[in-house]
Participant: 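My structure is below; once you've seen it, I'll send some questions.
The structure displayed is predicted, hence computed values, not measured ones. Every chain is numbered from 1, with letters handed out A, B, ... down the list of sequences.
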Protein chains: 2
Amino acid sequence: MYSLAEENYLKALFSMSNDKGEVNVNDLSKRLDIKMPTVTSMMKKLAAKTLVHYERYKPLKLTEKGRIEAALIIRKHRLTEMYLVEKMGFGWEQVHEIAEQMEHIQSPEFFAKMDELLGYPKFDPHGSPIPDKKGRMIWATYSKLSECRQGDIVKIAAVVNTSDEFLRFLNSREIHLGLEMKIKSVESFDNSMVVNYDKHLSEMLSHTVCERLLVEKI
Amino acid sequence: MYSLAEENYLKALFSMSNDKGEVNVNDLSKRLDIKMPTVTSMMKKLAAKTLVHYERYKPLKLTEKGRIEAALIIRKHRLTEMYLVEKMGFGWEQVHEIAEQMEHIQSPEFFAKMDELLGYPKFDPHGSPIPDKKGRMIWATYSKLSECRQGDIVKIAAVVNTSDEFLRFLNSREIHLGLEMKIKSVESFDNSMVVNYDKHLSEMLSHTVCERLLVEKI
DNA sequence: TAATTTTGTTAGTTTAGTCTAACTTTGTAA
DNA sequence: TTACAAAGTTAGACTAAACTAACAAAATTA
Ligand SMILES: [Mn+2]
Ligand SMILES: [Mn+2]
Ligand SMILES: [Mn+2]
Ligand SMILES: [Mn+2]
């Protein structure tokens, strides 16, 4: 239906809108590593296909149709990640690059089967919500670990800005989704935390790490 | 490494060489539904990349390097088909279109995992051999069912020219790989056969069907 | 062998998606 | 409030992969 390039612009627009509200040509250009004039001309093309509202010098906005198309691509990405982890035994740090390619596969039957075999999961291996077949996505309301206090007991619900390096760091500390931890202390000078979970009785986590972990308070 | 278009030319060249020996620009043009001048210019490009031996007005030939690259794409195609049938529950008539897309995915780890989960299969769901990691492919020596005689007992080993319609026809008669059948009679005027297998005590198969079934004699 | 058909090549055009260079608009800071 | 910087657009060029039209070579048929 849409080209690989078009799909990548739609997906980037969608997730940047969710992160920051307004998306400018310059932001999109940096995100995709594509020069601004190229982005401008693609926006005109997507506007002609009624996927984007485009007005010269104004922030970019997906149309409802564009939002749905983007969500359906992200659905394929996240279902794939979940399948790779749950059914094929990959680690959560190994699946993103494969999913980047698989998300462009055109086969409703293939993704319907994945969904069925997985038991219709609501979240991917990084805790991000999987949009439904109509492109609707429910955002759970998690807190950053960094916003929690000494004594709080929390459950790890999702990771944000999931780079391979960060995920491997979490692996090395045996931190995974669903893990419960208690906050033993918060250092006031650098906002680092000392936490306690499983066999890790006193693990230090930097503020940078705590900002990237989303948790549910218990 | 190579573009989608380049990979599709390599794959077509490979399987046409196996089928017919010599491959001409015209044959390739018809197979890919791409006009001859486009094929000629792509052959020059692939020759520059030492994947094809190209000489004006001469039949086309893959280089050793080209043969290996093509076999590795076919390996990904056939592993995918096998995975879809064995691990996801698709029918053998449903998997080709999905595999056409998946064969272009760049991820050695992904296909290595498939291979492992499948137990290193040697054949795909249609009985075609799966090339190994180095691009080597063993062709088993099967006979066509149409070349067998009255009284022969044979086992279905592979199907040739696997169209969805043909595979659905085989489904409707409960004919599948590994099935053993006995040839009850051969009609001399149209070369159709009456065969006997499982609960099918007297099933008539046309010559066209018998030519498309490869068997092992028992 | 000569004529005709089929096959293949060359030359030039098109579209998608990228780029750089030059210019314009908008936002910010003196 | 003017000057400068940042962001955005326009114009024009390039590459990959397709096409058509015209011509050339090879194969087939008469
Ligand atoms: Mn991902
Ligand atoms: Mn994810
Ligand atoms: Mn196939
Ligand atoms: Mn097959």
Participant: Which of the following nucleotides, C:dT10, C:dT9, D:dG8, is nearest to the side chain of B:Lys44?
Facilitator: C:dT10
Participant: At less than 4.0 Å, is any side-chain N or O atom of B:Thr38 found next to OP1 or OP2 of D:dC19? Yes or no.
Facilitator: yes
Participant: Is any side-chain N or O of B:Thr40 closer than 4.0 Å to OP1 or OP2 of C:dT9?
Facilitator: yes
Participant: Consider the side chain of A:Asn26, meaning its heavy atoms from C-beta on, and name the nucleotide among D:dC19, D:dA7, D:dT9 that approaches it most closely.
Facilitator: D:dA7
Participant: Judged by each residue's nearest nucleotide on DNA chain C, which is more toward the 5′ side, A:Met42 or A:Arg56?
Facilitator: A:Met42
Participant: Which nucleotide, D:dT20, C:dG8, C:dA21, lies nearest any side-chain atom of B:Lys35?
Facilitator: D:dT20
Participant: I need the single residue from A:Glu6, A:Glu100, A:His104 that forms a side chain to side chain donor-acceptor pair (under 3.5 Å) with A:Lys11. Which is it?
Facilitator: A:Glu100
Participant: Whole angstroms only, please: what is the NZ-C1' distance between B:Lys30 and C:dT6?
Facilitator: 9 Å
Participant: Nearest to the side chain of A:Tyr9, heavy atoms from C-beta on, is which of C:dT18, D:dG8, C:dG8?
Facilitator: C:dT18
Participant: So, does B:Arg78 use its side chain to make a donor-acceptor pair with the main chain of B:Phe123 at under 3.5 Å?
Facilitator: no
Participant: Tell me the interatomic distance from B:Tyr2, atom OH, to D:dT15, atom P, rounded to whole angstroms.
Facilitator: 21 Å
Participant: Check every atom of D:dA25, C:dT18, D:dG8 against the side chain of B:Tyr57 and return the nucleotide holding the closest atom.
Facilitator: D:dA25
Participant: Of all the nucleotides listed (D:dG8, D:dA18, C:dA11), which has the minimum atom distance to the side chain of A:Met36?
Facilitator: D:dG8
Participant: Quick one: sort the B:His126 and B:Trp92 rings into parallel, tilted or perpendicular, breaks at 30° and 60°.
Facilitator: parallel
Participant: Is the backbone of B:Met102 close enough, under 3.5 Å, to the side chain of B:Thr80 for a donor and an acceptor to pair up by distance?
Facilitator: no
